[in-house]
Amino acid sequence: MPSTGPRTRAVRVRRQLPTSPWLFAAPGLLVIGAFILYPFVSTLVNAFTDRRTLIPGEFVGLANFRELLHDDMFWIGLRNSALYVLGVVPALVILPLLLALLVQKNIPGITFFRSAFYTPVVASIVVVGLIWVWLLDERGLVNSLLETIGVGRVGFLSDQWLLLMSAMAVTVWKGLGYYMIIYLAALANVPRELHEAAAVDGAGAVRRFFTVTVPAVRSTMALVGALSSVAAFKVFSEVYLMAGPSGGPAGEDTTLVMLVQRTGTGLTGRVGYASAISVVVFVVTVALMLLVLRADRRSES
């Protein structure tokens, strides 16, 4: 009869250990491979081909990237995506921090305000976009109020720049609660003694904000800046819902991700060319993250 003592069971466990972790990780690895790694590699390969939706395509080298340099819509999309980053990121770095300071204290009813500020985060972007379209339409609530007070109707959704700024406002409004939660976690780790010492030295609320709060959450501000930069440069839903599939008047509000969707979809979609644009978006977003993190390291040093 085989031995079943502790030593035998220990040997059996040691033999099972090398494979057991991989079995537990296998479902997650399969999901990552199927929905992240494979699309990434496929996009990278297609960027160097002339593949279309129903045609496999052939290797064309850097032809797609050379075509980008002479494509006016690509430069329009790059301009709008860059402007979106410049308009959205500063607001999403500063405003959620101020909002977190307002709701940080544990006073009666503060939970309601925290939930109210976070509600846009969990709301569907399609619903949010449609609500703002109805509000900013020429016959919407905002224009009706402006006309009532004598300002007149404003073409929020018909003017090229107003439409882009309106989409930025929606992005900021929807992201405030998300980044507020991140700042609340960071502010909870700031020692209260630092504020008390600064108050004893005569520092007011504004001075304590710049000398105590900002240095303490600087790394969190860098994280928020990196996350919001990537999200802003890859914006799609807000502009698409407010500007329509054409990208606003004469397509002047088209972003790079909208250009990818427009170019690479449909029965005659240029998958190879759209993949080349996607590679450019990926490179720029990685560069944005590295720049923000490097700036944070320099400020700390």
Could you grab the distance from atom [atom1] of [X] to atom [atom2] of [Y], nearest 0.5 Å is fine?
| X | Y | atom1 | atom2 | value |
| --- | --- | --- | --- | --- |
| L92 | L227 | CG | CG | 10.5 Å |
| L130 | I125 | CG | CD1 | 9.5 Å |
| L293 | L288 | CG | CG | 10.5 Å |
| M289 | L223 | CE | CG | 8.5 Å |
| T213 | L97 | OG1 | CG | 7.5 Å |
| M73 | L78 | CE | CG | 12.0 Å |

[X] vs [Y] side-chain heavy atoms within contact, under 4.5 Å:
| X | Y | value |
| --- | --- | --- |
| F156 | N143 | yes |
| N80 | I76 | yes |
| R79 | E252 | yes |
| Y183 | M221 | yes |
| Y273 | L68 | yes |
| F209 | L98 | yes |
| S124 | V128 | no |
| S237 | V126 | no |

Exercise. Hey, mind stepping through L259 and F74 against side chain to side chain contact (heavy atoms under 4.5 Å, CB included) and telling me if it holds?
Worked result: CA-CA 7 Å; L259 187 60; F74 169 75; 4.3 Å; yes
Taking all non-hydrogen atoms of both residues into account, name the closest pair between [X] and [Y] and its distance.
| X | Y | value |
| --- | --- | --- |
| S228 | V93 | OG-CG2, 4.5 Å |
| T53 | G264 | OG1-O, 4.3 Å |
| V292 | S229 | CG2-OG, 4.2 Å |
| P249 | S158 | CG-O, 3.1 Å |
| A276 | N64 | CB-CB, 3.7 Å |
| A216 | V190 | CB-CG2, 3.6 Å |

Checking the side chain of [X] only, and the main-chain atoms of [Y] only, is there a donor and an acceptor separated by less than 3.5 Å?
| X | Y | value |
| --- | --- | --- |
| D253 | A243 | no |
| Y84 | M165 | no |
| K174 | A123 | yes |
| W75 | L69 | yes |
| S81 | L256 | yes |

Exercise. Do NZ/NE/NH1/NH2 and the carboxylate oxygens of E147 and R153 come within less than 4.0 Å?
Worked result: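 Salt bridge: yes.
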May I ask whether [X] and [Y] are part of the same hydrophobic cluster, defined by side-chain heavy atoms of I, L, V, M, F, W, Y residues being less than 4.5 angstrom apart, directly or through others?
| X | Y | result |
| --- | --- | --- |
| V212 | V200 | no |
| V284 | M258 | yes |
| L37 | V45 | no |
| I36 | V31 | no |
| V170 | V230 | no |

For this session: Show the numbers, then the answer: is there a side-chain hydrogen bond (donor to acceptor under 3.5 Å, both in side chains) between T254 and R262?
Result: CA-CA 10 Å; T254 301; R262 187 189 309 165; 2.8 Å; yes
Problem set entry | Candidate pair T43 and F282, rule side chain to side chain contact (heavy atoms under 4.5 Å, CB included), full reasoning | CA-CA 11 Å; T43 300; F282 172 75; over 6 Å; no
For this session: Can you label the angle between the F48 ring and the F65 ring as parallel, tilted or perpendicular, going by 30° and 60°?
Result: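 The arrangement is tilted - the two ring planes meet at 30° to 60°.
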For this session: Just say parallel, tilted or perpendicular for the rings of Y240 and F236, cut-offs at 30° and 60°.
Result: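 Plane angle under 30°, so parallel.
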Problem set entry | Intermediate values then yes/no, salt bridge (charged side-chain N to carboxylate O under 4.0 Å, His left out), E196 and R208 | CA-CA 10 Å; E196 294 174 351; R208 290 200 304 271; over 6 Å; no
Problem set entry | Option passing side-chain contact (heavy atoms from CB on, under 4.5 Å) with N46 (candidates T49, L44, D50) |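 Single pass found, and it is T49.
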Exercise. Which is it for V235 and E238 under the side chain to side chain contact (heavy atoms under 4.5 Å, CB included) test, yes or no, and what are the steps along the way?
Worked result: CA-CA 7 Å; V235 66; E238 293 91 325; 3.5 Å; yes
For this session: List the steps and the verdict of side chain to side chain contact (heavy atoms under 4.5 Å, CB included) for S144 and R139.
Result: CA-CA 6 Å; S144 298; R139 297 185 178 181; 5.9 Å; no
